[in-house]
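In this text, all values refer to a predicted model and were calculated from it rather than measured experimentally. Numbering starts at 1 and runs along the sequence shown.
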Amino acid sequence: MTIDDGIPVEEHEPLWLLIEWPFGESDPSKFAVTTLGTKMSKKQIVRQYKERYRTEQAYEEMKGELGLDHFEGRRFRGWYHHVSVVLCCYAFIVAERDRSFFSSADAEGHAHPLRFAA
C-alpha cells in the first residue's frame, strides 16, 4: 500500500496528534501534528512542542523591544553584527530579570533600609 507520495507506508515517519484539552472545558482548544521521534516519551514530545511558544515569545520580544527587524544594510557582515548585538542585549535583559533587583534583600526578597556609617 502506498500514499500519494509513492513511499510505502512502512517507511513513513510516525505522526503524533497532540490535543490540548484544558481541564473543565467541554472541547479541546488546540490541535497539532508532529513527527517527533518514537524514542521520546509523551512528556518529552509535549515539552518539545511547547518550546515553540517560548521561542516565538523571545523572537517577538527581540523584534519589538530591541529592533531585531530594523536592519537595513546590504552585507552579511552588517546583518551578522546587528543580530549579534541584539542577541547579546536580549541575553543581558533575561539575566537581569532572573537576578534579584535588591542587592540588600533578605532571603524572602524584602529590602532592608539603607544604613549609613557614623
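In this structure, the side chains of Leu66 and Tyr90 come closer than 4.5 Å at one or more pairs of heavy atoms. Side-chain contact between Trp16 and Ile45: present, with at least one pair of heavy atoms (C-beta onward) separated by less than 4.5 Å.
Legend: residues meeting side chain to side chain contact (heavy atoms under 4.5 Å, CB included) with Leu87, ordered by chain and number and at least two apart, are Met62, Val83. Here His81 pairs with nothing under the ring pair (Phe, Tyr, Trp, His ring centres under 6.0 Å) rule; sequence neighbours left out. For Cys88, there are no side chain to side chain contact (heavy atoms under 4.5 Å, CB included) partners at least two apart in sequence or on another chain. Applying the ring pair (Phe, Tyr, Trp, His ring centres under 6.0 Å) rule to Phe76 yields the partners Trp79, Tyr80; only residues at least two apart in sequence or on another chain are considered. Considering only residues two or more places apart in sequence or on other chains, Phe92 meets the side chain to side chain contact (heavy atoms under 4.5 Å, CB included) condition with Glu96. For Arg54, the salt bridge (charged side-chain N to carboxylate O under 4.0 Å, His left out) partners at least two apart in sequence or on another chain are Glu51. Under the side chain to side chain contact (heavy atoms under 4.5 Å, CB included) criterion, Lys39 pairs with no residue, sequence neighbours left out.
In this structure, Arg47 CZ and Lys42 NZ are separated by 15.5 Å, a value rounded to the nearest 0.5 Å. Rounding to the nearest 0.5 angstrom, the gap separating the OG1 atom in Thr34 from the OH atom in Tyr49 is 8.5 Å.
Leu17 and Val46 are assigned to two separate hydrophobic clusters, defined by single-linkage of ILVMFWY side chains at heavy-atom distances under 4.5 Å. A continuous path of hydrophobic side-chain contacts links Val94 to Val86 [ILVMFWY only; heavy atoms under 4.5 Å].
Pairs passing the salt bridge (charged side-chain N to carboxylate O under 4.0 Å, His left out) check and including a residue from residues 17-37, sequence neighbours excluded, read Glu20-Lys50. Among residues at least two apart or in separate chains, side-chain hydrogen bond (donor to acceptor under 3.5 Å, both in side chains) pairs with a member in residues 56-72 are Arg52-Glu56, Glu61-Arg97.
Residue Phe23 belongs to no hydrophobic cluster, having no ILVMFWY side-chain heavy atom closer than 4.5 Å to its own.
Sparse packing is recorded around OH of Tyr53, with 12 or fewer heavy atoms of other residues, nucleotides or ligands lying under 6.0 Å away.
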